[in-house]
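In what follows, a single structure is set out as structure tokens and then discussed.
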Amino acid sequence: MVFKPTEQDLGQLQQLGLATEQVQHQIDNFKEGFPKSQLDAAATPDNGGIICLGDKEIARYEKQYRTLGRDKKVQKFVPASGAATRMFKDLYSFAATYFGVAHNFEKEFPEVKEFLENIRTFAFYNDLKACMLKSDLDIEDYLQRGDYSTVINFLLKEQYLGYGSLPKALLKFHRYGEVQRTPLEEHIVEGALYARNTDGTVNLHFTISPEHRKGFRKKIAEVKHYYESTFGIKLNITFSEQKHYTDIIAVDEQNQPLRDEEGRLIFRPGGHGALIENLNEQRADLIFIKNIDNVVPDWMKHTTVIYKQVLAGMLLELREKVFDALRTLDSQPDKKTLGKLVRLAKQELNIMVPEDCDAKTLHSLLNRPMRICGMVKNLGEPGGGPFYTIDTMGNRSLQIVESAQVNHKEPSQEEIFQASTHFNPVDLVCSTKNYRGRYFDLRQYVDPKTGFISKKSKGAQTLKSQELPGLWNGAMAHWITLFVEVPVATFNPVKTVNDLLRKEHREG
């Protein structure tokens with residue numbers, strides 16, 4: 001199908017910053033689909049795909065972070081654009097169907113029952129109570145007589161507390177006596193503990209949705225002075241939004257572009273892979289990446305802080321070796337020296353090096369962005385894991401692969417997928433600067449063939465949507481990548497509201 005835009009379409013594309021050729025390419029992707037990843041093996045400690053550190057190495061890398069990181073600019077990069085709607089899926093379903101008397105409450109709504117039984121222990125309870133009081137309603141009275149839908153509506157609806165439409169970053173997760181903290185604040189505290197620069201500055205960058213910008217600014221204005229004075233830091237907090245030119249056209253099952261009631265083309269965000277554009281704009285020597293909802297109270301932070309420093313120290317040490325190797329390669333080394341550098345690439349960086357590799361080829365393989373990714377032992381979580389993959393050119397490399405990228409109908413691929421021992425918790429430390437002090441253009445290291453296509457219902461229509469290669473999947477496909485085992489204690493995401501009832505999110 002050839003995309004022939006109308007005059008109105010051209011105006012809309014210009015507004016988004018999209019070219020007609022880009023939209024045609026997107027439609028072609030829908031038509032042709034994306035190839036599945038070719039798994040070669042699960043990356044495990046046994047085959048060297050995942051590095052397990054001993055106590056001496058942990059202590060050494062911690063020290064290296066303090067030493068090599070002393071003059072480096074450090075930043076935290078936190079994807080934080082998502083609304084919390086999915087956190088409250090069970091509450092929404094309950095409020096829509098419950099009208100006073102629940103039959104088999106425990107069987108029909110077990111998650112809601114658990115939520116209501118523990119509602120007074122949530123960090124947001126006092127805010128909910130005060131919100132209802134503004135309407136002259138006593139929350140205890142409504143709980144006592146079983147009018148649960150009213151309580152839940154006051155929690156979720158935008159005209160009340162609005163938790164259903166707020167970003168996760170601004171929900172109250174943790175309680176410290178009479179004080180409560182949001183994930184935004186927990187990331188500030190984490191930054192103070194492991195991402196403080198030598199001048200006392202803590203650089204945090206949050207990717208947000210435009211409709212949430214005002215709420216973020218308001219929250220930071222409220223708490224900035226408190227955290228700066230408490231930790232003796234200076235906060236430098238910046239925001240960015242997903243670029244509109246990364247949006248992707250929506251199509252029907254015949255791959256025809258869909259339009260709204262006014263005849264305008266329907267575009268959808270390109271997924272978190274679009275954030276490679278935002279990451280590409282950051283200017284720091286070392287960037288920590290972690291999801292907004294993977295935070296814990298202070299009593300649980302110790303392990304996270306240690307391993308963040310360990311991963312960073314390891315990256316800085318390896319980066320020094322790579323930079324030295326690149327400078328040596330610039331001077332046309334002899335065969336013996338080249339052999340040593342090839343061994344560095346193979347043995348320490350897990351890079352596949354071709355036979356009879358020359359200096360120019362090795363230089364190309366080493367002069368790339370670098371990342372070290374923490375991996376936790378498999379807990380049965382849905383999502384990506386660490387694998388060795390083979391690309392279309394026959395190159396073997398370490399990649400984080402999502403389940404949707406795997407051909408589960410192919411027995412050999414499913415066998416490899418099931419053999420995975422670890423899970424991706426989104427715990428990355430990145431270096432995006434080259435050995436000459438210039439920043440890489442990260443868009444040059446994306447594998448465009450690792451996107452996703454999914455189907456969704458929109459009224460009576462079936463809508464096909466497309467996601468760009470994921471930020472820590474195909475968007476970083478051609479980075480130098482190492483996987484390191486980190487403790488399960490560093491991974492405590494909040495996917496549903498009842499996750500906040502787990503001991504890891506309670507007062508210590």
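Only heavy atoms go into these numbers, but all of them, side chains included; no hydrogens, no water, no symmetry mates.
Residues R196 and T201 have side chains not in contact (no heavy-atom distance under 4.5 Å, counting atoms from C-beta outward). Counting heavy atoms from C-beta outward, N236 and T238 have side chains that approach closer than 4.5 Å. Within the 4.5 Å cutoff, side-chain heavy atoms of E190 are placed close to those of V295. In this structure, the side chains of L338 and L329 come closer than 4.5 Å at one or more pairs of heavy atoms.
Ion pairing between R181 and D298 holds under the 4.0 Å rule for side-chain N and carboxylate O. Of the charged side-chain nitrogens involved, at least one lies within less than 4.0 Å of a carboxylate oxygen, so that K243 and E281 count as a salt-bridged pair. One finds no salt bridge joining R343 and E348 here, because no Lys/Arg side-chain nitrogen approaches an Asp/Glu carboxylate oxygen to under 4.0 Å. Taking the charged nitrogens against the carboxylate oxygens, D324 and R327 do have a contact shorter than 4.0 Å, which makes a salt bridge. Using a 4.0 Å cut-off between a side-chain N of Lys or Arg and a carboxylate O of Asp or Glu, D293 and K168 qualify as a salt bridge. Using a cutoff of 4.0 Å between basic side-chain nitrogens and carboxylate oxygens, E222 and K219 are scored as salt-bridged. Electrostatic pairing of K409 and E414 does not count as a salt bridge here, judged by no charged N lying under 4.0 Å from a carboxylate O. Classification of D330 and R436 as a salt-bridged pair holds, one side-chain N sitting under 4.0 Å from a carboxylate O. Salt-bridge check for D441 with R443: passed, with a basic side-chain N closer than 4.0 Å to an acidic carboxylate O. Under the 4.0 Å criterion applied to side-chain N and carboxylate O atoms, D247 and R268 are not assigned as salt-bridge partners.
Residue E415 qualifies as open at atom CD: its count of foreign heavy atoms under 6.0 Å is 12 or below. Few gaps surround NE2 on H363; more than 12 heavy atoms of other groups in view lie less than 6.0 Å from it. The neighbour count for D55 CG, taken as heavy atoms of other residues, nucleotides or ligands under 6.0 Å away, does not exceed 12. Remark: H408 NE2 is packed, more than 12 non-hydrogen atoms of other residues, nucleotides or ligands lying under 6.0 Å away. Residue E32 qualifies as enclosed at atom CD: its count of foreign heavy atoms under 6.0 Å is above 12.
Between the side chains of S454 and S465, at least one donor N or O lies within less than 3.5 Å of an accepting N or O.
When H272, H205, H187 are each tested for a ring-ring contact (aromatic ring centres under 6.0 Å, His included) with F77, only one passes: H205. Of the residues L318, L365, L315, I351, the one that meets the side chain to side chain contact (heavy atoms under 4.5 Å, CB included) test with I480 is I351. The residue from L311, T304, I289 that alone fulfils the side chain to side chain contact (heavy atoms under 4.5 Å, CB included) condition with D427 is L311.
For the pair N29 (side chain) and G33 (backbone), a donor-acceptor distance under 3.5 Å is absent. Although no hydrogens or angles enter the test, the distance criterion places a donor-acceptor pair under 3.5 Å between the side chain of R368 and the main chain of H478. Side chain of S209 to main chain of H212: no donor-acceptor pair is present (N/O by atom type, distance under 3.5 Å, no hydrogens or angles). The main-chain N or O of K63 is found under 3.5 Å from a side-chain atom of T67 such that the two form a donor-acceptor pair. Side chain of E241 to main chain of I208: no donor-acceptor pair is present (N/O by atom type, distance under 3.5 Å, no hydrogens or angles). Proximity of a side-chain donor or acceptor of E186 to a complementary backbone N or O of T182 within less than 3.5 Å is not detected. Judged by distance alone, the side chain of N197 and the main-chain N or O of V74 form a donor-acceptor pair under 3.5 Å. Q466 contributes no side-chain N or O that, together with a main-chain N or O of I249, makes up a donor-acceptor pair within less than 3.5 Å. In this structure, the side chain of K335 does not engage the main chain of G339 through any donor-acceptor pair within 3.5 Å. With hydrogens and angles ignored, the 3.5 Å screen pairs a side-chain donor or acceptor of Q399 with a backbone N or O of A477.
Between F387 and H422, the ring centre distance reaches or exceeds 6.0 Å. Aromatic pair F288/Y194: centroids less than 6.0 angstrom apart. Proximity of the aromatic rings of F452 and F34 is defined here by a centroid distance below 6.0 angstrom, and this criterion is not met.
With a 6.0 Å cutoff to the six-membered ring centre and a 45° limit on the axis angle, R283 counts as a cation-pi contact of Y439.
Note: Q22 CD to I248 CD1 = 10.5 Å, rounded to the nearest 0.5 Å. Taking CE of M370 as the reference point, atom CG of L286 lies at 10.5 Å (rounded to 0.5 Å). Atom NE2 of residue H244 and atom OG1 of residue T246 lie 9.0 Å apart, to the nearest 0.5 angstrom. Taking NZ of K464 as the reference point, atom CG of L258 lies at 10.5 Å (rounded to 0.5 Å).
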Please lay out, stage by stage, how K36 and E410 fare under the test salt bridge (Lys or Arg N to Asp or Glu O under 4.0 Å).
CA-CA 11 Å; K36 296 292 186 181; E410 171 59 47; over 6 Å; no
